[in-house]
Each structure stands twice: as structure tokens, then as C-alpha cells.
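First the structure, in the form of C-alpha cells, and then the observations on it.
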Amino acid sequence: MPRFLILLLLLCCFALNGCNVAYGVYDDKRLSGTIAEDKGIATGIKTDLLNHKFGDGWNISVYCYYGHVFLVGEVPPQARNEAITIARRDARVRSVRAHWFDAAASETSDLMLATKLRTELIGTSNLSSTRIDTEVNSGRVVLLGVVANEQERTLAVQTAQRVNGVVRVYNYLMLPEEATPALK
């Protein structure tokens, strides 16, 4: 039975991510040219990080909204500044914010928690979950993306905080055309 449950959770996660990609572009508050440029910036940074051996057992996710870059993941302290320097090389980058996780233990697996979190975000009224990217690490949740308004930002944070197993929520949700992201 546990094996079946794990398979079911994986299928749900893949299905939800697929819906997020297909619907997320349509529901994104950024203009299509901005989305394309942000994706190009993120892809270039990911490539540069891999070329500098940041793919060797370290986990860095790269997000970009309106030219603001977010590096999220686990990297040894001595390599963190180099990752930020690499991200700043692209002239289109307006800012770089890093959110590094230190090693921690958790009662809930990251995959299960990410699935529960995504399910709650999708099921919340007045919240367009497709605008919200999430990172989960040992009960710690990072919310990123562009939401419609302050109420949606607050609702997303409150929803994430209510998920069983979440120990801390970091909010990097931006409003459309916002110059700098919120950190609450």
C-alpha cells in the first residue's frame, strides 16, 4: 500500500506541474515578452551555474520575474558568493536575491509536503495558484512568483502556513511591475 501511495503522489505532482505550466503562462500577469526574457535569463544562469560545476550534487533553482533573479537551494557556504556573482553577469538582471537552505531534518518528505502544499494552493478560493512557484526543503517553504494583488499575496502565505508539516514560509511573491519583491 505505501508503494501505491507514493506512485499516486508522484502522478499527482506531475499532473499538477503540467497544469501549472499550461495554465500558468496564460494566467501570468507579466507581458509575454517579459515572460520570454525572464525565462531566457533564468536558463542562461542555470547553464552558467552548471558550467561552473554547480550541478555536482548541489541543488540550486533559478527563478526570474521582471529581471529580478532568485537563487534558491542548498549550496555550501564557501560557494554561495560565486553563485550570486554568476547570476549577476547577465546585463538584463536587475537584482539577485539568494535564499540558501542549511541542512535540516524533517518529519515529512519534501515531495509529500510539496504535493500537499500545491493541493492546498489549488483548492484555495480567490487564489490563482498557477502564478506561484514553490520550493520545499525540510518543512521550509519558499513562495515565488507574480500575484495579482496584496490580498492574493497574503492569502498564499496564509494558505502555505496552514499546511501540516510546514515549519516556516518565506515570501518572495511580487506584484505586477513591482520594482522589488516583498520579503515577509
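As the structure is a computational prediction, the values presented were derived from the model and not from experiment.
Between Ile41 and Gly67 the shortest heavy-atom distance is CD1-CA, 4.2 Å. Minimum heavy-atom separation, Ala148 to Pro176: O-CD, 3.8 Å. Summarising the geometry of Leu173 relative to Ala156, their closest heavy-atom pair is CD1-CB, 3.7 Å, with the distance given to 0.1 Å. Here the closest heavy-atom approach between residue Ala87 and residue Val69 is recorded as CB-CG1, 4.4 Å. Closest approach of Phe101 to Glu74, counting heavy atoms only: O-CG, 3.7 Å. Of all non-hydrogen atoms in His68 and Arg94, the two that sit nearest each other are NE2-CZ, 3.7 Å.
With sequence neighbours excluded, no residue satisfies salt bridge (charged side-chain N to carboxylate O under 4.0 Å, His left out) with Arg88. Annotation: side chain to side chain contact (heavy atoms under 4.5 Å, CB included) contacts of Gln151 (sequence neighbours excluded): Asn149. The salt bridge (charged side-chain N to carboxylate O under 4.0 Å, His left out) check on Arg162 picks up nothing, with sequence neighbours excluded. With sequence neighbours excluded, the residues satisfying side chain to side chain contact (heavy atoms under 4.5 Å, CB included) with Thr124 are Leu127, Leu155, Thr159. Scored by the side-chain hydrogen bond (donor to acceptor under 3.5 Å, both in side chains) test, Asp102 finds Arg80 as partners (sequence neighbours excluded). By the side chain to side chain contact (heavy atoms under 4.5 Å, CB included) test, Thr47 pairs with Thr43, Asn51, sequence neighbours left out. Residues that satisfy the side chain to side chain contact (heavy atoms under 4.5 Å, CB included) test with Ser138, not counting sequence neighbours, are Ala104, Ser106, Arg140. For Tyr63, the ring pair (Phe, Tyr, Trp, His ring centres under 6.0 Å) criterion is met by no residue, not counting sequence neighbours. Shown here are the salt bridge (charged side-chain N to carboxylate O under 4.0 Å, His left out) partners of Glu152, two or more places apart in sequence or in another chain: Arg131. With sequence neighbours left out, Ser109 forms a side-chain hydrogen bond (donor to acceptor under 3.5 Å, both in side chains) with no residue at all.
The side-chain heavy atoms of Glu135 and Tyr172, taken from C-beta on, include no pair separated by under 4.5 Å. A heavy-atom distance below 4.5 Å is found between the side chains of Val93 and Ile45. For the pair Val147 and Leu175, the minimum side-chain heavy-atom distance is below 4.5 Å. Here the side chains of Tyr66 and Val146 are in contact, with some heavy-atom distance below 4.5 Å.
Using modelled atom types, no side-chain atom of Arg30 and backbone atom of Ala36 make a donor-acceptor pair closer than 3.5 Å. A donor-acceptor pair under 3.5 Å is formed between the side chain of Lys116 and the backbone N or O of Asn164.
Going from atom OH of Tyr65 over to atom CG of Asp38 covers 9.0 Å, rounded to the nearest 0.5 Å. Interatomic distance, Leu71 CG to Trp100 CH2, rounded to the nearest 0.5 Å: 4.5 Å. One finds the CZ atom of Arg153 at 6.0 Å from the CG atom of Asn171 (value rounded to the nearest 0.5 Å). How far OG1 of Thr134 is from CG of Leu117: 5.0 Å, rounded to the nearest 0.5 Å. Atom CG in Asn59 sits 9.5 Å away from atom CG in Asp110 (nearest 0.5 Å). In this structure, the separation between CG on Leu50 and NZ on Lys46 is 9.5 Å, given to the nearest 0.5 Å.
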*Test Ile132 against Leu144 for side chain to side chain contact (heavy atoms under 4.5 Å, CB included), laying out the working first.*
CA-CA 6 Å; Ile132 301 171; Leu144 307 112; over 6 Å; no

*Begin from the C-alpha positions of Tyr170 and His99 and carry the test side-chain hydrogen bond (donor to acceptor under 3.5 Å, both in side chains) through to its verdict.*
CA-CA 9 Å; Tyr170 300 92; His99 186 94; 4.7 Å; no

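With respect to the salt-bridge test (charged N to carboxylate O, under 4.0 angstrom), the residues Asp48 and Arg89 do not qualify.
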